[in-house]
Chemist: 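Before I ask anything, let me first share the structure, which is written out below as structure tokens.
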Amino acid sequence: MILHPAVLALLTGALLTCLMMLYAGWYGVRILRNWDLQSGSELQLELEKRTYLISTLISYALAFELVSLFLFVYTADRLHLLFTGAMCAAGTLNAHGFGYPLLLLKIVDFLLAGVWLIVNHADNMGHDYPLIRIKYAGLVAIAPLSLFEFYYLYRYFSGLHADVITSCCGSLFSVDRPGISGDLASLPSAPMLIVFYAVMTATLLSGAFYYRKGRGGYLFSALGCAAFVVGLASIVSVVSLYIYEIPTHHCPFDILQKEYGYIGYPMYASQFGAAVAALGVGVLTPFRSHGSMSRVIPAFTRRLTAIALILYLLFTLIVSYKIVFSPFRLGG
Amino acid sequence: MRNSTWFLTLIGTLLAISSLLVLHAAISRAGGGARLASNRELLRRLKLSDLCLFTEARYTRHPAMADRHAAFQDHPMALEHFPSGSLMSPPDFRREAP
Amino acid sequence: MNRRIERHRNILDFAISSLLRRKGKNLSLLAVYAFIVFIIASIVFFTQALKREATLLLEGAPDLVVQRMVAGRHDPIPITYGDKIAAIRGVSAVSPRLWGYYYDPFTGANFTLVASDDDPPAKESIYIGSGVARIMRLTTGVHWSLRGAKGTPAVFSVQKILPGNSELVASDLIQIREDDFRALFDFPLGRATDLAVVVGNKVEVPTIAAKISRQFPDTRPILKSEMLRTYDSVFDWRGGMVLVILSVAVLSFVLFAWDKATALSAEERKEIGILKSIGWETGDVLLLKSFEGMVISLTAYLVGVSVAYLHVFFFSASLFEHALKGWSVLYPRFGLTPVIDPYQLCVLFFLTVGPYTVATIVPSWLAATVDPDAAMRS
Amino acid sequence: MIELIEVSKNFNAGRANQFTAVDRVSCSIGLGEVTILKGPSGSGKTTLLTLIGCMARPTSGRILLHGIGKGCLPGSPVDDSIEITSLPERFLTGIRRGTFGFIFQHFNLVHGITVLENVMLPAYPTGESVPELRHRARELLELFSVSRHAAARIEQLSGGEMQRVAIARALINDPAVIIADEPTAHLDSKLSCEFMEIIGGFKGQGKSVLIASHDPIVYDTALADAVIEMRDGRIIGAGTSP
């Protein structure tokens, strides 16, 4: 166990998030079972009051999730000194088997909580609670994830012991290493660059089409998700090369460092924001003619699309800026 | 003046104070460079391996060189005599030959 | 958009005015909160500054220290080991270190004696750290008699007092010539306390350490990275330990805040009922309540952090210096280079504002769901 | 027109102290008219007012708003009538804020803040800019000749002044319907008559007024277009005023 103040902060945050989510999930179950909008009974009124509590809890949980995601990566980075051979967060995460699953879980939790809040926001705009069942079924499904997250976080930090020999970025993200991170890095750089720009262009075009015509929501959402994955993959396989200006350094965490002007923060933040918005479009599209939603969803999804487009555009611009103005050249 | 304006001014002032502190930290870090360099030189010259932080006992004076077998540490549940010793144990891992 | 901002500002206005209407309660809450933030922030600042100082300083430490172990105990190492170690490929220099402790029975202080051939003092002279000078009331040129290993006193003249800003490394040091050291302690010739090894390529250090411990099974090599790591974990642990102890304080504060937030006075309840009855929605009241919480926690956080900074870096953490530094006869007096960065601030925010915010959600909600018609039926 | 169809409201359903405050009430209330709800205390007048005023939802039955509360639901057609019985609270509040102005028996003013702030309070969540709002509030205080107390705290006012402030507050969002619950209960006869004059002014402006009262000064007034008499949660008589 490492008693770093940040570790304590993360554990506290995860515990609080977990408590909030489980509390919300518990009432989610009650709402699913007893909801009857036509009734003015006291139980129904009570449940309607609960919905305020639940959405507040989840907004806070989402905020915690977002901050703790960055805090976690940053802490992992700070802790690498404690591990022989660890050069950055990659080494710390690798120091214990729960490291990478935990990171993945945190990302997934963040995306799901974001999408839930989008659905909740749409639902609140309708005057007949059109999505209430879907919303709370979803909540009941994602609430246990936060419990897992806390458990993983606890296992990870309690399993960390200073001095475990870990691989550093160099070997972890080296090309001939099997495993998921190795696979990301071994994606050939030049084609990856082409794929990246192709997917981003397709996303932006389909988004613009959806924004203007209001059709093709699924396509845009799918492309938006693809753009998220491709964006992350290309940071590991090619963008990092331009930022570090070293042909073998593939670490996705070092770009969060001061040495690189904290460029990672806008990059990841824009990507995560865009992914949540694009996912939200996809999740809301099936309900576009669902009761009062028919008046709400088209305008709302268009707004989401605009947000996703701006954020992806921002991300692409940052990446392009880095590529164009880096002295590093692929294959050169 | 509106309450919110008043409050935002207060928060703005407090933020300005904290950024001044951050600035102060940056400046004194730059100014502390000479002290750091001379101390590091002393450390190099005398080949010291530890800082002089806790001088109450030998093993707390040299935590990096400390042994498990120093005084009061023999017993796993030993009640520690020195405050720093109770919070700080020597590293429990030493590299062995592979 | 504008309307939305105005709505938030209007509600913020009212939130502050309702906080001000209950000055006593809210100021006490603010004071306790700011105090908790202050303590936690002081600890984090202090330990992080020490850690950074240690990391930067110890870069000047030897790459590798080789100690001899006899029956599991530290024993003087034959200098001949050094010649063989120097022959290992990659080792650029090996030098014997001679150091030990001198206990002064009158003051009860423990001093560290170091012999170094780099810029040594004159024969029968010493350099002393400013901590030693302070506690023994010594000045340059004064003679000081140390009790030798055979019981005979040896008199040394203080040639130089090391500068005050070096207390963090040399407060309790007495630098002495090698021959004086051996004579004073009756230290066997051909032996040293341990060996300091300099390695050309830093990546090679673990390999060389492994080679040394293979070649000399009775030795123990200690890497610089291990020393650094020790300091790192000592301070993290120390800071974390105090934080864990303090978490009780945080918890009781959270309970206190919860209690304050839940125990709505009849007047407050009536007020919220009025607001609801004249057209405030549950969401508006929730916003009002969360603004109240935010006003308190932001103010407390910023005040607490700023005061903690002043406390640690301008007043040398005088409030709990002893708890953090331990106690001893000789206190090194060192000023720390201030360290403060967004990461620390974020950690502090998470540790202090997080629990408070969560503790106030449910009470705020309870307050916000007062029925609007409650005001009509009173 | 506000139309009530078989509206009931139960409290503490399923428990021993269950009671029915409003029992299958059907009636309609015309716009631009003064309607008086008359009856002894405990007859369900107040509960009926909270149901009409979107403060509470009936246990059963339907309440329809015809021609008022337009545009309060996002995207609903303008000429639609609104069925308020199954709306979520946030929409009910939106309708209430824009459509109804309330005058309470105990005035329900917030102590510790100024008269002006009290008048502005209902409009805070609408996001109106404060200078505009302040201007409007001052005009209203002027109208009811309490503007000299604008900066005073509520607790320094007399009962009649408090009532005027409460009326000014009810009007800040320019509602189409004024709802008053026992408005004269804490006023002497002179002040009660003054109050009724103010009500007459509202009628002149084409606002609808709904008053619950058991004060003869109120229910015997010539201003009343309709009087609905209640007892034990039911309507026992309805008619136009003499």
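We name chains A, B, ... by the order of the sequence lines, and we start the count at 1 in each one. On a predicted model such as this, the values are computed, not experimentally measured, just so you know.
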Chemist: Apply the side chain to side chain contact (heavy atoms under 4.5 Å, CB included) test between B/L42 and each candidate in C/D119, C/V169, C/L168; give the one that qualifies.
Modeler: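 The option that passes is C/V169.
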Chemist: Output the option from C/A170, C/A49, C/S95 having the highest count of non-hydrogen pairs under 4.5 Å with chain B.
Modeler: C/S95
Chemist: Show the atom names and distances, to 0.1 Å, of all donor-acceptor pairs under 3.5 Å that link a side chain in residues 294-304 of chain C to residues at least two apart or in another chain.
Modeler:
unit_1: C/S297; atom_1: OG; unit_2: C/G293; atom_2: O; d: 2.9
unit_1: C/T299; atom_1: OG1; unit_2: C/V295; atom_2: O; d: 2.4
unit_1: C/Y301; atom_1: OH; unit_2: C/L345; atom_2: O; d: 2.7

Chemist: What pairs meet the salt bridge (Lys or Arg N to Asp or Glu O under 4.0 Å) rule with one or both residues in residues 9-18 of chain C, with sequence neighbours excluded?
Modeler: B/R2-C/D13
Chemist: Who among C/V339, C/D194, C/T112 has the most heavy-atom pairs with chain B under 4.5 Å?
Modeler: C/T112
Chemist: At a heavy-atom separation under 4.5 Å, does C/L173 approach chain B through its side chain, its backbone, both, or neither?
Modeler: side chain
Chemist: Any Lys/Arg nitrogen of C/E167 or B/R35 sitting under 4.0 Å from an Asp/Glu carboxylate oxygen of the other?
Modeler: no
Chemist: So for C/A196, is it side chain, backbone, both, or neither that comes closer than 4.5 Å to the heavy atoms of chain B?
Modeler: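 The side chain, not the backbone.
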Chemist: With a 4.5 Å limit on heavy-atom distance, are the side chains of B/L36 and C/L57 in contact?
Modeler: yes
Chemist: Using non-hydrogen atoms only, which part of C/F45 is less than 4.5 Å away from chain B: side chain, backbone, both, or neither?
Modeler: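 For C/F45, there is no contact with chain B at all, as no heavy atom is under 4.5 Å.
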Chemist: Give me the atom names and distance for the closest heavy-atom approach of B/L21 to C/S306.
Modeler: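 Result for this residue pair: CD1-CA, 3.6 Å.
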Chemist: Between B/L20 and chain C, which part of the residue has a heavy atom less than 4.5 Å away: side chain, backbone, both or neither?
Modeler: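 Neither part; nothing is under 4.5 Å.
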Chemist: Taking the side chain as every heavy atom from C-beta outward, state whether C/E59 and B/R44 have any atom pair closer than 4.5 Å.
Modeler: no
Chemist: So, for C/P338 and B/H24, which heavy atoms are closest and what is the spacing to 0.1 Å?
Modeler: CG-CE1, 3.9 Å
Chemist: So what's closer than 4.5 Å to chain B heavy atoms on C/P120: side chain, backbone, both or neither?
Modeler: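 Neither part.
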Chemist: For the pair B/R40 (side chain) and C/L58 (backbone), establish whether a donor and an acceptor sit closer than 3.5 Å, ignoring hydrogens and angles.
Modeler: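 Judged by distance alone, no pair lies under 3.5 Å.
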Chemist: Evaluate the side-chain proximity of C/R97 to B/S49: yes if any heavy-atom separation is below 4.5 Å, no if none is.
Modeler: yes
Chemist: Side chain of C/Y309, backbone of B/A25: donor and acceptor closer than 3.5 Å?
Modeler: yes
Chemist: Pick from C/L310, C/L12, C/L56: which one has the most heavy-atom pairs with chain B under 4.5 Å?
Modeler: C/L56
